[in-house]
2 protein chains.
Amino acid sequence: MQSRGMSDQNSPPEPPHGTRSAFVTERVRDMIIRGELEPGSRINERVVVEQLNISRTPLREAFKVLEREGLISIRPNVGATVVSFTMDDVEASIEVLIGLEAIGAERAAERATEAEIAEVADLHARMVAAYEASELMAYFHVNQDIHQKIVDAARNPALSRVYAGECARIRRFRFAGNSDRSRWSRAVQEHEQILDAFARRQGPLLRELLRAHHIAGWQQARRALEAGAPRAMPARGATK
Amino acid sequence: MQSRGMSDQNSPPEPPHGTRSAFVTERVRDMIIRGELEPGSRINERVVVEQLNISRTPLREAFKVLEREGLISIRPNVGATVVSFTMDDVEASIEVLIGLEAIGAERAAERATEAEIAEVADLHARMVAAYEASELMAYFHVNQDIHQKIVDAARNPALSRVYAGECARIRRFRFAGNSDRSRWSRAVQEHEQILDAFARRQGPLLRELLRAHHIAGWQQARRALEAGAPRAMPARGATK
DNA sequence: TGCCCCGAGATTGCATGCAATAAGTTCCGA
DNA sequence: TCGGAACTTATTGCATGCAATCTCGGGGCA
């Protein structure tokens with residue numbers, strides 16, 4: 001049915017490992033996050049379908065999921081458009097993230113196992129290594145993992161799910177926060193304190209450190225974004 | 001299992017007002033919330049398709065949405081199953097809701113317009129009326145509206161979206177909290193204070209009142225649910 | 001008796017075709 | 001030259017068919 005034979009040059013066959021639907025969902029989400037699909041623009045089903053070598057059915061299912069995630073907006077009989085964030089939108093999401101981490105921090109301080117704390121400590125070490133090697137992308141991803149792990153340590157499935165979802169939504173914008181070297185260095189120091197508070201299970205302190213960390217990071221990111229583009233623009237390649 | 005012959009109540013033509021997909025999403029969500037689809041059980045596509053008189057395509061799109069909302073779980077090549085909540089799952093979600101309202105409360109106290117406050121006051125009056133008329137269902141819905149409106153007054157789109165989603169997920173369980181008359185009466189009193197704090201724009205107070213309100217409500221609901229069923233069971237007919 | 005394999009039936013995932021709707025274009029009159 | 005209406009094209013929403021996969025009951029074997 002599919003010409004699975006010799007095709008590796010102009011259109012990478014894109015091997016769907018799981019279901020086509022899951023594959024295309026992840027792929028289109030990435031395209032949005034990476035900025036390959038311009039915010040505010042409509043997404044042509046045919047184009048994406050040909051690009052990914054799948055039919056319209058799984059793509060339309062992916063659209064529904066991405067709409068629920070808040071990455072696109074679907075108007076009946078018109079189509080899907082990439083939602084364009086304003087800086088205020090992102091700030092709103094970050095406010096939510098701060099609130100979610102606040103719940104998570106206190107619970108995590110109470111409930112985290114030693115193994116979980118060790119895991120975060122390990123991630124922290126790897127993050128510092130990435131920082132010292134100036135590997136921005138690796139740093140960024142480990143950084144995200146640390147925050148997610150702390151939230152996960154709260155053992156609240158609903159919290160983890162909501163947090164992860166909201167994080168993904170605005171990932172590309174937060175990336176800009178680390179573009180400045182001095183801010184980057186301070187962020188690492190803040191993480192040092194965060195790890196310490198977590199290890200000592202000091203919930204309220206952890207909560208406040210995280211809050212301050214996010215606010216500072218976002219202020220930097222917002223400045224960088226507004227300097228780079230008057231309107232909401234994604235940092236290209238802000239994901240793996 | 002369904003006799004398609006003389007049908008007047010089990011399969012009304014069901015006029016799809018918008019798109020079939022939106023219609024069936026809402027319909028199936030309702031079926032889950034009302035407990036018509038048993039938690040833990042698989043959902044047979046064919047049955048639902050025949051029941052709602054639509055094809056499988058919009059239904060499968062609905063499944064994707066509902067999965068993202070956390071109401072069902074889809075296993076590839078197996079199908080969709082209604083997720084069954086444990087009491088701890090619900091409690092986790094309520095913890096999240098409390099956290100989200102905490103953010104919302106402080107912002108709402110700052111940013112709410114007089115019109116929004118008036119609107120909540122109006123809803124409150126209607127809620128009291130429903131209470132005095134012992135119209136439990138009407139009370140329940142207006143109650144939800146009040147909380148959502150307060151959150152909306154924070155003018156944080158991300159917050160409103162996440163809050164609404166999480167609320168919908170566990171709606172059926174919270175309904176049980178009002179089954180006890182004395183708790184119901186106390187809940188109304190608490191709402192009186194909540195409205196007052198909101199009108200006076202006392203953010204921190206509002207936050208704490210809401211927190212206490214939810215904790216008390218949930219304790220009652222949990223007790224009622226555990227008395228009614230050893231495992232997680234929905235209160236039948238917990239929605240319009 | 002219990003376990004494992006397997007084949008028929010049921011069910012899902014996906015591609016495709018068709019009708020309905022929106023978007024884009026041309027042509028006409030003012 | 002410009003505005004608008006009718007028409008053409010493009011695109012979406014949905015139904016359906018087919019292949020792939022899973023479910024589940026029966027028979028062979030230890």
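What you are looking at is a predicted structure, and each value in this text was computed from that prediction instead of being measured. Every chain is numbered from 1, with letters handed out A, B, ... down the list of sequences.
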Query raised in the report: Reckon A:I43 touches a base, only the sugar-phosphate, or nothing at all at heavy-atom distances under 4.0 Å?
Result: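 A:I43: backbone/sugar contact only, no base atoms under 4.0 Å.
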Expressed in angstrom and rounded to an integer, what is the separation of [X] atom [atom1] from [N] atom [atom2]?
X: B:N77; N: C:dC14; atom1: CG; atom2: P; answer: 8 Å
X: A:N44; N: C:dG24; atom1: CG; atom2: P; answer: 11 Å
X: A:R46; N: C:dA23; atom1: CZ; atom2: P; answer: 16 Å
X: A:K64; N: C:dC14; atom1: NZ; atom2: C1'; answer: 18 Å
X: B:R75; N: D:dT21; atom1: CZ; atom2: P; answer: 17 Å
X: B:E61; N: C:dT12; atom1: CD; atom2: P; answer: 16 Å
X: B:L59; N: D:dA15; atom1: CG; atom2: P; answer: 11 Å
X: A:R42; N: C:dG24; atom1: CZ; atom2: C1'; answer: 11 Å

Query raised in the report: How about B:D145 and B:H141: does a side-chain donor come under 3.5 Å of a side-chain acceptor?
Result: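 Looking only at side-chain atoms, B:H141 and B:D145 do not form any donor-acceptor pair under 3.5 Å.
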Query raised in the report: Relative to the 5' end of DNA chain C, which residue comes earlier, A:R56 or B:F63, by the nucleotide with the nearest heavy atom?
Result: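 Checking each residue's closest nucleotide, the 5'-ward one belongs to B:F63.
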Query - 5' precedence on DNA chain C between A:P76 and A:S21 (nearest-nucleotide basis) - result: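 This one resolves to A:S21.
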Requested in this report: Nearest 0.5 Å please: distance from the CG atom of B:L66 over to the CD1 atom of B:I72.
Outcome: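 With rounding to 0.5 Å, CG (B:L66) is 5.0 Å from CD1 (B:I72).
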Query raised in the report: Picking from D:dC14, C:dA15, D:dC22, which would you name as closest to the side chain of B:V78?
Result: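 The answer is D:dC22, which lies nearest to the side chain.
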Report task. Counting heavy atoms from C-beta on, name the nucleotide in D:dC14, D:dT12, C:dT16 closest to the side chain of A:S55. Result ->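 Ranking D:dC14, D:dT12, C:dT16 by closest atom to the A:S55 side chain puts C:dT16 first.
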Requested in this report: Would you please confirm or rule out a distance under 4.0 Å between OP1 or OP2 of C:dC14 and any side-chain N or O of A:T57?
Outcome: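 Checking A:T57 against C:dC14: no side-chain N or O falls below 4.0 Å of OP1 or OP2.
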Query raised in the report: Is it true that a side-chain atom of B:E101 and a backbone atom of B:I98 form a donor plus acceptor pair closer than 3.5 Å?
Result: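 Not at all, since once roles are kept as given, no pair shorter than 3.5 Å links the two residues.
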Report task. State whether B:R222 and B:E91 are salt-bridged, where the test is any N-O pair (Lys NZ or Arg NE/NH1/NH2 against Asp/Glu carboxylate O) under 4.0 Å. Result ->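 A salt bridge is present here (some side-chain N lies under 4.0 Å from a carboxylate O).
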Requested in this report: Determine, for B:E26 against B:R29, whether the closest basic-nitrogen to carboxylate-oxygen distance falls under 4.0 angstrom.
Outcome: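 No, B:E26 and B:R29 are not salt-bridged.
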